[in-house]
Amino acid sequence: MAGKQIKNSLNRRRWNSFRQNRRGYYSLIIFVIIFGTSLFAEVLSNDKPLLVQYNGKDYFPIFKVYPETVFGGCFATETDYRDPFILHKLTTNGNHVFFPLNPHSYNSINLSLDRPVPSPPSRDNFLGTDDRGRDVLARLIYGFRLSVLFGFALTIVGTLLGIIAGAVQGYFGGRTDLFCQRFIEVWSAMPELYLLIIFASIFKPSILLLLILLSMFGWMGLSDYVRAEFLRGRNMEYVKAAKALGVGNLTIMYRHLLPNGMTPVITFLPFRMSGAILALTSLDFLGLGVPPSTPSLGELLAEGKANIDAWWLSLSTFAVLVGTLVLLIFIGEGLRQAFDPRKQ
């Protein structure tokens, strides 16, 4: 009970220390708000209406697919709500249609453009269109969500693998540590980019494949810090006492050593996440990342490079990418200050 109170008191002091770092604290708030908003991208940016009131009935196209015949069309296929014929039926005779704030999805093409693509910002496309006529704002919203979710997934998987590898090395030491270190040296010398190119040419590009390949190499940097913490802690008196009482190795590692070795893990999480987002963007820029139809920040940067005169492509994507990385770096600095033992 006393140990739990001490732990809660320590966590409270760390949280207060993090809040005192105004830059990191407000960066966390801004990042949470932006990311939380992007989770509802289908509600914010979609070519399907949020609500259709037709002949006295309510329809919700973003949640259910309705054939065109429901709204007086001729075909039994899914309704194209941007079709002038359908749109006329939905807005006359007392009918109403309510579109999202940005009435474009990440893969919808604006067929009503009166200028060549990529087209500059306009009232219909707030940040312009790309070289295929797709709305840039919609692709930024969906691409940002995909990048952050991928960063979360890669950070979690890489962190778990790094903790397991570092804990085994540091706790058992001896030959186990020696063999693991030699394996890490050999594995870290593997050409990661070449392997990605080879696998991208063999298998169909996907988020899962990219996550697996990057996770195979993303755990090694963190395992060194966890290993050092376990090497230092395994000779402590409380660990020797636990062994003398017959406590198992897994229990000692999880309950006694891991909490004390989590400081470098937590402080490096924002930096690892920013690295994961940057890795996905770089691979997409090179054409080795997600499938072409998937919204991606790297693809927008590549389109901006291919269309130098379309400044809205590069500028908007650059602003989103740099803003995200800056927020994560500020959060990481705040966490590092909060977990600094010299300031406890």
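Reckoned from all heavy atoms, side chains included, excluding hydrogens, waters and symmetry mates.
T263 contributes atom OG1, which lies 6.0 Å from atom CZ of F339 (distance to the nearest 0.5 angstrom). Taking CG from L300 and OG from S316, the interatomic distance works out to 6.5 Å, rounded to the nearest 0.5 Å. Here L301 contributes atom CG and L286 contributes atom CG; the two are 11.0 Å apart, rounded to the nearest 0.5 Å. Here the straight-line distance linking atom CG of L44 with atom CG of N102 works out to 9.0 Å at 0.5 Å rounding. Between the CZ atom in R139 and the OG1 atom in T294 there is a gap of 8.0 Å [rounded to 0.5 Å]. To the nearest 0.5 Å, atoms CZ (F271) and CD1 (I331) are separated by 10.0 Å.
Across I277 and S147, no two heavy atoms sit closer than the pair CG1-O, 3.6 Å. Contact between S112 and D124 at its shortest, heavy atoms only, is OG-OD2, 4.0 Å. Taking both residues in full, the closest heavy atoms of I109 and R132 are given as CG2-O, 3.5 Å, listed atom of the first, atom of the second, then distance. The two residues V117 and D130 have their closest heavy-atom pair at CB-O, 3.6 Å. Looking at every heavy atom in both residues, Y142 comes nearest to S105 through OH-OG, 4.2 Å. Between I86 and G73, the shortest heavy-atom contact is CD1-CA, 4.2 Å.
A side-chain contact (heavy atoms from CB on, under 4.5 Å) with L87 is found for one member of F99, F71, Y81 and no other, namely F99.
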| request: Decide yes or no on side-chain contact (heavy atoms from CB on, under 4.5 Å) for M253 and L258, but give the supporting numbers first. | output: CA-CA 6 Å; M253 294 168 65; L258 183 59; over 6 Å; no
| task | Show your reasoning for whether side chain to side chain donor-acceptor pair (under 3.5 Å) applies to N110 and D135. | result | CA-CA 7 Å; N110 191 349; D135 186 69; over 6 Å; no
| request: Give the C-alpha distance, both sets of side-chain angles, the deciding distance and a yes or no for side-chain contact (heavy atoms from CB on, under 4.5 Å) between L51 and D58. | output: CA-CA 7 Å; L51 172 65; D58 294 338; 3.9 Å; yes
| field | side-chain contact (heavy atoms from CB on, under 4.5 Å) between T79 and V70, worked out | value | CA-CA 9 Å; T79 305; V70 174; 5.9 Å; no
| message | side-chain contact (heavy atoms from CB on, under 4.5 Å) for F75 and T69? Distances and angles first, verdict last. | response | CA-CA 6 Å; F75 303 101; T69 53; 5.9 Å; no
| task | Take E78 and K48 through the test salt bridge (Lys or Arg N to Asp or Glu O under 4.0 Å) and record every step on the way to the result. | result | CA-CA 11 Å; E78 182 179 359; K48 298 179 181 179; 2.8 Å; yes
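Take F18 and apply the ring-ring contact (aromatic ring centres under 6.0 Å, His included) test, not counting sequence neighbours, and it matches W15. Checked against salt bridge (charged side-chain N to carboxylate O under 4.0 Å, His left out), R82 has no partners two or more places apart in sequence or in another chain. Taking the ring-ring contact (aromatic ring centres under 6.0 Å, His included) definition, one finds that F203 meets it with F199, sequence neighbours left out. N21 pairs by the side-chain contact (heavy atoms from CB on, under 4.5 Å) definition with R23, Q337, not counting sequence neighbours. When the ring-ring contact (aromatic ring centres under 6.0 Å, His included) test is applied to F330, no partner is found at least two apart in sequence or on another chain. The ring-ring contact (aromatic ring centres under 6.0 Å, His included) check on F268 picks up Y225, with sequence neighbours excluded. Residues forming a salt bridge (charged side-chain N to carboxylate O under 4.0 Å, His left out) with E237 (at least two apart in sequence, or on another chain): none.
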Acceptor/donor pairs from residues 160-179 side chains to any protein atom, 3.5 angstrom cut, sequence neighbours excluded:
| from | atom 1 | to | atom 2 | distance (Å) |
| --- | --- | --- | --- | --- |
| Q169 | NE2 | D177 | OD1 | 3.2 |
| Q169 | NE2 | Q181 | OE1 | 2.6 |
| Y171 | OH | N249 | OD1 | 2.7 |
| D177 | OD1 | R227 | NE | 2.8 |
| D177 | OD2 | R227 | NE | 3.4 |
| D177 | OD2 | R227 | NH2 | 3.0 |

Table please: side-chain donor-acceptor pairs of residues 36-43 below 3.5 Å, with sequence neighbours left out.
| from | atom 1 | to | atom 2 | distance (Å) |
| --- | --- | --- | --- | --- |
| T37 | OG1 | I33 | O | 2.7 |
| S38 | OG | F35 | O | 2.7 |
| E42 | OE1 | R145 | NH1 | 3.0 |
| E42 | OE2 | R145 | NH1 | 3.4 |
| E42 | OE2 | R145 | NH2 | 2.9 |

Could you list the donor-acceptor pairs under 3.5 angstrom formed by side chains in residues 207-221, with sequence neighbours left out?
| from | atom 1 | to | atom 2 | distance (Å) |
| --- | --- | --- | --- | --- |
| S215 | OG | L211 | O | 2.6 |
| W219 | NE1 | M216 | O | 2.9 |

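Under a hydrophobic clustering in which Ile, Leu, Val, Met, Phe, Trp and Tyr are joined whenever their side-chain heavy atoms come within less than 4.5 Å, directly or via other members, V32 and I29 fall into the same cluster. If you chain together hydrophobic residues whose side chains sit under 4.5 Å apart, L280 and I34 fall into the same group. If you chain together hydrophobic residues whose side chains sit under 4.5 Å apart, L101 and L140 never meet in one group. If you chain together hydrophobic residues whose side chains sit under 4.5 Å apart, L149 and V157 fall into the same group. In terms of hydrophobic clustering, with Ile, Leu, Val, Met, Phe, Trp and Tyr side chains grouped at heavy-atom distances under 4.5 Å, I30 and Y25 are assigned to a common cluster.
Within the structure, side chain to side chain donor-acceptor pair (under 3.5 Å) pairs that include any residue of residues 84-96 do not occur (at least two apart or interchain). The side chain to side chain donor-acceptor pair (under 3.5 Å) contacts involving residues 271-286 comprise D284-S296, where partners must be two or more places apart or lie in separate chains.
Counting heavy atoms from C-beta outward, L137 and S45 have side chains that stay 4.5 Å or more apart. Annotation: side chain of S223 is in contact with side chain of I184 (closest heavy-atom distance under 4.5 Å). Proximity of P61 to P49: side-chain heavy atoms (C-beta onward) are separated by under 4.5 Å at one or more points. P264 is not listed as a side-chain neighbour of V226, based on a closest heavy-atom distance of 4.5 Å or more. At least one side-chain heavy atom of H104 sits less than 4.5 Å from a side-chain heavy atom of N125. In this structure, the side chains of I252 and V239 come closer than 4.5 Å at one or more pairs of heavy atoms.
Panel note: side chain S119, backbone R115; no donor-acceptor pair is recorded below 3.5 Å. A donor-acceptor distance shorter than 3.5 angstrom exists from the side chain of T159 to the backbone of T155, with no hydrogens or angles considered. Between the side chain of S314 and the backbone N or O of W311, no donor-acceptor pair lies under 3.5 Å. Side-chain atoms of T251 never come within 3.5 Å of backbone atoms of V247 as a donor-acceptor pair (strictly under, hydrogens ignored).
Under a 4.0 Å N-O distance rule, the pair R134/E299 qualifies as a salt bridge. Here E333 does not pair with R336 in a salt bridge; the nearest charged N to carboxylate O distance is not below 4.0 Å.
The local environment of CD1 in I308 is crowded, with over 12 non-hydrogen atoms from other residues, nucleotides or ligands closer than 6.0 Å.
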